[in-house]
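The structure presented is a predicted model; accordingly, all values stated were derived computationally and were not measured.
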Amino acid sequence: MKTLFEPVELKNLKLRNRLVRSATWENVANMNGVIGGDAYRIYRELALGGVGAIITGFTSVAANDYYFGGMMRLSSDQLIPYYKRLTDIAHEEGCPILSQLALGAYYKRISGELIEVAEDDLTAEEIDTVVKMFVAAAGRAKAAGFDGVQIHAAHFFFLSRFISPYYNHRTDKYGGSPENRVRILLEILADIKKIAPELHVSIKINSSDFERGGLDEMQSLEICKILAAAGIDSIEVSGNGTSVRGVRPYFNEGYFSIFAIQLAEAVDVPVICVGGWRSRGTMEKVLRDTGIELLSMSRPLIREPSLPKKFQTGESMASQCASCNACYSSPMHRCVFNK
C-alpha cells in the first residue's frame with residue numbers, strides 16, 4: 001500500500017517521498033535566461049521544505065523564444081554554470097531536480113523581424129530544428145547536474161498545440177491521427193534517451209484541452225499509451241487551464257485525478273497527478289486507493305514551501321492556500337499573504 005511519506009524509486013530517480021513540486025512560473029531570469037539570487041532562494045526554500053522532487057519552472061529550449069518574459073533557458077552552453085548552481089542547491093538538501101524543457105512558440109527572422117510560425121506552417125526542416133533544440137537543452141540539463149527533464153506538452157504552449165487537433169491541421173506525417181501528431185514527441189524522447197540515458201525523462205500533458213475540436217481525454221489516453229510504449233519514464237497529468245479557483249481541502253481536490261486514475265490503469269508507467277491537492281488525508285487516500293504513483297503541487301508550495309515537512313510532522317494537515325490566484329499577478333509569483 002502506497003503512502004505519501006515513503007521513499008520511491010522511478011527510472012533513474014530516487015525520491016524521499018511521493019510529493020513533487022510541479023513546474024511553476026517564477027519570472028526570475030533575465031531576457032537571456034540568466035538566473036541569480038532570487039531563483040536560488042526560491043529553490044533552496046523548496047528543497048529545505050521537504051518535497052520529494054522539484055520540477056523547475058518553464059525553461060525554454062530556444063534563445064529567441066520571447067513568448068513571455070523572465071523565462072529560464074537552456075539554449076546556450078554559457079548558461080550551464082548558472083543552472084549548475086541551482087542543481088547544487090537542491091542536491092545539498094537531498095532533493096532531486098528536473099528541468100522542465102519547453103517552447104512557447106517557434107520564431108524565425110523574416111526581413112529582420114522575428115515572426116511566430118504556426119504549427120501548420122512549419123517545414124519538415126523546422127520541425128527537425130525544434131527536435132534538436134529540445135535534445136540539445138537536455139544535454140545541457142545533464143551537464144548542469146539535473147536528475148531529469150520534463151518535456152512540456154501541456155497548457156497550449158508549442159508542443160501542446162502541435163499534438164492538439166485544435167491547432168494541428170497538417171496533412172503530412174506530423175498531422176491527422178494521434179499517432180502522427182505525437183511523432184514530434186517520440187523523436188524528442190528517442191534522441192534525449194540516446195544522448196543522456198541516465199536522465200529521468202518525464203512529460204507533462206493535458207488530460208483535455210477543454211476546447212471544442214481540441215485534444216480530448218480519449219485522444220490524450222491514446223497518446224500517453226504511445227509514449228509509454230516508447231519508453232517515457234513518467235507522465236504528469238494536467239489540463240488546459242492550469243489553476244481552478246476556490247479549491248478547498250476535502251471538498252474539491254484533485255480536479256485532474258479522474259483521468260489520471262484511468263491512465264494509471266492503462267499504462268505501466270508512473271503517473272503523476274497535479275491539480276488542487278490541499279490536504280494530506282485526501283492525498284493519502286488517492287495514493288492508497290488508485291494506481292497514481294506521485295502527486296504534484298504548485299500554488300500550495302508558493303504559499304508554504306515547507307508544507308511537505310508540516311504534513312510529515314503533523315504540524316499541518318491542510319494547505320493554507322486560498323486558491324485566489326493572486327500570486328499570478330505578483331512579482332515572481334509570490335503569495336500575496338506572505339511578507
Side-chain angles (χ1 to χ4, degrees), residues 2-26 42-59 86-87 89-91 93-102 141 146-155 199-205 207 232-239 242-243 253-257 259-261 263-264 269-280 282-284 286-287 290-312 319 321 333:
K2 302 188 300 295
T3 61
L4 190 58
F5 290 101
E6 64 180 355
V8 59
E9 291 192 22
L10 308 183
K11 176 74 177 294
N12 296 336
L13 199 62
K14 293 181 179 180
L15 290 75
R16 54 194 174 191
N17 57 57
R18 295 182 183 273
L19 189 54
V20 176
R21 187 271 197 160
S22 191
T24 302
W25 174 245
E26 296 132 346
I42 290 169
Y43 282 85
R44 186 180 298 280
E45 287 178 351
L46 288 166
L48 282 168
V51 74
I54 295 170
I55 303 174
T56 71
F58 187 110
T59 302
L86 193 71
T87 63
I89 287 170
H91 292 155
E93 306 303 332
C95 186
I97 182 168
L98 290 75
S99 176
Q100 187 189 67
L101 303 183
F146 284 98
D147 302 282
V149 295
Q150 183 182 71
I151 302 166
H152 193 359
H155 306 164
L199 290 180
H200 180 92
V201 185
S202 184
I203 193 161
K204 190 168 193 172
I205 193 167
S207 55
I232 198 74
D233 295 326
S234 65
I235 301 171
E236 185 181 21
V237 172
S238 187
T242 57
S243 299
E253 299 181 59
Y255 41 80
F256 297 127
S257 61
F259 177 83
I261 292 168
L263 176 62
V269 168
V271 172
I272 309 167
C273 183
V274 73
W277 302 115
R278 294 292 182 271
S279 67
R280 176 173 178 175
T282 300
M283 297 166 80
E284 294 278 19
V286 168
L287 289 173
T290 77
I292 294 171
E293 289 288 338
L294 299 107
L295 301 172
S296 52
M297 306 176 80
S298 175
R299 288 177 295 168
L301 295 176
I302 296 175
R303 178 73 184 265
E304 301 171 273
S306 61
L307 184 62
K309 281 189 175 179
K310 291 180 180 179
F311 276 170
Q312 190 168 16
S319 168
C321 179
H333 273 198

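- Residues Leu199 and Phe146 share a closest heavy-atom pair of CD2-O, 3.3 Å.
- Applying the side-chain contact (heavy atoms from CB on, under 4.5 Å) criterion to Leu287, with sequence neighbours excluded, gives Lys2, Leu4, Arg18, Leu295.
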Run the side-chain contact (heavy atoms from CB on, under 4.5 Å) test on Val237 and Leu263 for me, step by step, so that the C-alpha distance in whole Å, both residues' side-chain angles and the decisive distance to 0.1 Å come before the verdict.
CA-CA 9 Å; Val237 172; Leu263 176 62; 3.6 Å; yes
I'd like to know whether Ile151 forms a side-chain contact (heavy atoms from CB on, under 4.5 Å) with Leu101, so could you lay out the CA-CA distance, the side-chain angles of the two residues, the decisive distance to 0.1 Å, and finally the verdict.
CA-CA 5 Å; Ile151 302 166; Leu101 303 183; 5.7 Å; no
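- One distance of note links CH2 of Trp277 with OG1 of Thr282; it measures 7.5 Å at 0.5 Å rounding.
- The nearest pair of heavy atoms linking Ser298 to Ala23 is OG-O, 4.5 Å.
- Inter-residue side-chain proximity for Lys204 and Ser22 is flagged as met; some heavy-atom pair is nearer than 4.5 Å.
- Pro308 and Pro305 make their closest contact through CD-O, 3.6 Å (heavy atoms, listed as atom of the first residue, atom of the second, distance).
- Annotation: side chain of Leu301 is not in contact with side chain of Ser319 (no heavy-atom distance under 4.5 Å).
- Atom CD1 of residue Ile205 and atom NE2 of residue His152 lie 11.5 Å apart, to the nearest 0.5 angstrom.
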Report all side-chain donor-acceptor pairs from residues 49-58 shorter than 3.5 Å, counting only partners two or more places apart or in another chain.
from	atom 1	to	atom 2	distance (Å)
Thr56	OG1	Thr59	OG1	3.3
Thr56	OG1	Gln100	N	3.0

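- In this structure, Val269 and Ser234 approach most closely via the heavy-atom pair CG1-CA, 3.6 Å.
- Using a 4.5 Å cut-off on side-chain heavy atoms (C-beta onward), Leu307 and Met297 make contact.
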Passes side-chain contact (heavy atoms from CB on, under 4.5 Å), Asn12 versus Asp147? Steps please.
CA-CA 8 Å; Asn12 296 336; Asp147 302 282; over 6 Å; no
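- Within the model, atoms CD of Glu284 and OG1 of Thr3 stand 6.0 Å from one another, a figure rounded to the nearest 0.5 Å.
- Here Leu10 pairs with Val8, Leu13, Leu15, His200, Pro270, Leu294 under the side-chain contact (heavy atoms from CB on, under 4.5 Å) rule; sequence neighbours left out.
- Using a 4.5 Å cut-off on side-chain heavy atoms (C-beta onward), Lys14 and Pro7 make no contact.
- Nearest approach of Glu304 to Cys321, heavy atoms of both residues: OE1-N, 4.5 Å.
- The shortest non-hydrogen separation linking Met283 to Phe311 is SD-CE1, 4.0 Å.
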Derivation of the side chain to side chain donor-acceptor pair (under 3.5 Å) call for Tyr43 and Glu93:
CA-CA 10 Å; Tyr43 282 85; Glu93 306 303 332; over 6 Å; no
